[in-house]
Q: 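Can you keep this structure in mind? I'll have questions shortly.
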Amino acid sequence: MTDILFPPFLTIALTGTPGTGKTEVSKQLESEGYRILHITEFIRRYNIPSERDDERDCDVVDMDALEEAVFEYQQQIRREFNQKVFLENLKLEDLHKSPEFLPVLLVESHLAHYLCDLSVVLRTHPNTLKERLNERGYSDKKIMENILAESIDVVLCDCFDYCRRIYEINTTEMDIEKTAGCLKELIHALYDDEFNIYSALMEKMNVTAESIAVRTFSGCFPISDVLDTLEDDGAVVYEDGDDDVGDYMEEKNPILMKYVPGQNDWSELVD
């Protein structure tokens, strides 16, 4: 989700079935300076409540507590970045010069898509996934559970319930470096696209604000009229209780894009 600040700060989920390469790829990007939040490590560090499910051989995390903790962490990272923007007088053209200047936080986990509205899903052919999980020492039951989940698109289907835009990368024939390269290309293009959406919305709000200033001078102009104007342009208004103040985002049905080596043009992500 973008902030109503300049520059907008983007949080993107890197998700997928265990064994598709999330951790390895994210650590590759982390070594290059990109901001990465590893949810498994985060849960341990911040003592997020969880219970052991012996039958499924996994931990069941308190998602409400996790979501709250991740939100607070996101706000901290955003404040630190905003301070950097002002201290170093960063301009729009500076944002892609270095990973530390790019206003993006990548959240890595098979749970990440529950925490972000933009997701990149890593996919792997079930036969290759089985080999990888065998190498990790997974039990036969756990391997079959994950192979089945990958075969019937469990994570991808979940993304359609929680995310407005989903990007799918098939890692079956790609090594970590190539997957990381594709992911970096996508992240930078995605940021540019989100910035354009953000800028268009800000422009609309500025025009509306000028209209308010003129009309308020001659009489009452309730803020609810502003919200109605934005809604007419396809925005979704989230009102806070009885207050006529909301957050705005462009309304979209979930969009899925698949990576095809050598064929994708990430410079235009939406129609």
Q: Quick check: closest heavy atoms across E67 and L115, and the distance to 0.1 Å?
A: CA-CD2, 3.8 Å
Q: Just to verify, what does N134 make a side chain to side chain donor-acceptor pair (under 3.5 Å) with, not counting sequence neighbours?
A: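 By the side chain to side chain donor-acceptor pair (under 3.5 Å) rule, N134 matches no residue at all.
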Q: Could you list the residues that satisfy side chain to side chain donor-acceptor pair (under 3.5 Å) with T15, not counting sequence neighbours?
A: H113
Q: H125: which residues meet the ring pair (Phe, Tyr, Trp, His ring centres under 6.0 Å) condition with it, sequence neighbours left out?
A: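 By the ring pair (Phe, Tyr, Trp, His ring centres under 6.0 Å) rule, H125 matches no residue at all.
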Q: Going by the salt bridge (Lys or Arg N to Asp or Glu O under 4.0 Å) test, which pairs reach into residues 121-130, not counting sequence neighbours?
A: R123-E150, R123-D153, R123-E168
Q: Residues sharing L87's hydrophobic cluster, by side-chain heavy-atom contacts under 4.5 Å among ILVMFWY, directly or via others?
A: none
Q: Once rounded to the nearest 0.5 Å, what's the spacing between atom CD1 of I187 and atom CG of L190?
A: 8.0 Å
Q: Can you sort out the partners of Q76 under side chain to side chain donor-acceptor pair (under 3.5 Å), two or more places apart, ordered by chain and number?
A: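 Side chain to side chain donor-acceptor pair (under 3.5 Å) list for Q76, sorted by chain: E80.
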Q: Kindly write out the residues that satisfy ring pair (Phe, Tyr, Trp, His ring centres under 6.0 Å) with Y73, not counting sequence neighbours, or none if the list is empty.
A: F42
Q: Nearest heavy-atom pair of I169 and C182: which atoms, and what distance?
A: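 Looking at all heavy atoms of both residues, the shortest contact is CD1-SG, 3.7 Å.
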Q: Is the number of heavy atoms from other residues, nucleotides or ligands under 6.0 Å of F71 CZ greater than 12?
A: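 Atom CZ in F71 is not packed in, count stays at 12 or less.
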Q: For E41, what residues pass the salt bridge (Lys or Arg N to Asp or Glu O under 4.0 Å) criterion, not counting sequence neighbours?
A: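 Checked E41 against salt bridge (Lys or Arg N to Asp or Glu O under 4.0 Å); zero matches.
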Q: Report the residues that fulfil side chain to side chain donor-acceptor pair (under 3.5 Å) with D140, sequence neighbours left out, ordered by chain and then residue number.
A: none
Q: Which residues satisfy the side-chain contact (heavy atoms from CB on, under 4.5 Å) test with E173, sequence neighbours excluded?
A: none
Q: Go through the steps to decide whether F9 and V104 satisfy the test side chain to side chain contact (heavy atoms under 4.5 Å, CB included), and finish with yes or no.
A: CA-CA 6 Å; F9 196 103; V104 171; 5.8 Å; no
Q: Could you please spell out the steps behind the salt bridge (charged side-chain N to carboxylate O under 4.0 Å, His left out) verdict for K97 and D94?
A: CA-CA 5 Å; K97 289 183 177 179; D94 297 324; 3.0 Å; yes
Q: For Y138, which residues count as a ring pair (Phe, Tyr, Trp, His ring centres under 6.0 Å) partner, sequence neighbours excluded?
A: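 Ring pair (Phe, Tyr, Trp, His ring centres under 6.0 Å) list for Y138, sorted by chain: empty.
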Q: Run the side-chain donor-acceptor check on residues 22-31: report pairs under 3.5 Å with partners two or more places apart or on a different chain.
A:
unit_1 : atom_1 : unit_2 : atom_2 : d
K22    : NZ     : G16    : O      : 3.1
K22    : NZ     : T17    : O      : 3.4
T23    : OG1    : E108   : OE2    : 3.1
S26    : OG     : K22    : O      : 2.9
S26    : OG     : T23    : O      : 2.9
Q28    : NE2    : E32    : OE2    : 2.9
E30    : OE1    : H38    : NE2    : 2.9
S31    : OG     : Q28    : O      : 2.6

Q: Starting from the C-alpha separation in whole Å, work towards a yes-or-no answer on side chain to side chain donor-acceptor pair (under 3.5 Å) for N89 and K91.
A: CA-CA 7 Å; N89 194 29; K91 307 298 182 184; 3.3 Å; yes
Q: How are the rings of H96 and H188 set relative to one another: parallel (under 30°), tilted (30 to 60°) or perpendicular (over 60°)?
A: tilted
Q: Does CE belonging to M63 count more than 12 external heavy atoms closer than 6.0 Å?
A: yes
Q: When you measure from the side chain of N47 to the backbone of I43, do you find a donor-acceptor pair of N or O atoms at a distance under 3.5 Å?
A: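 Absent.
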Q: Is the CZ atom of R44 crowded by more than 12 outside heavy atoms at less than 6.0 Å?
A: no
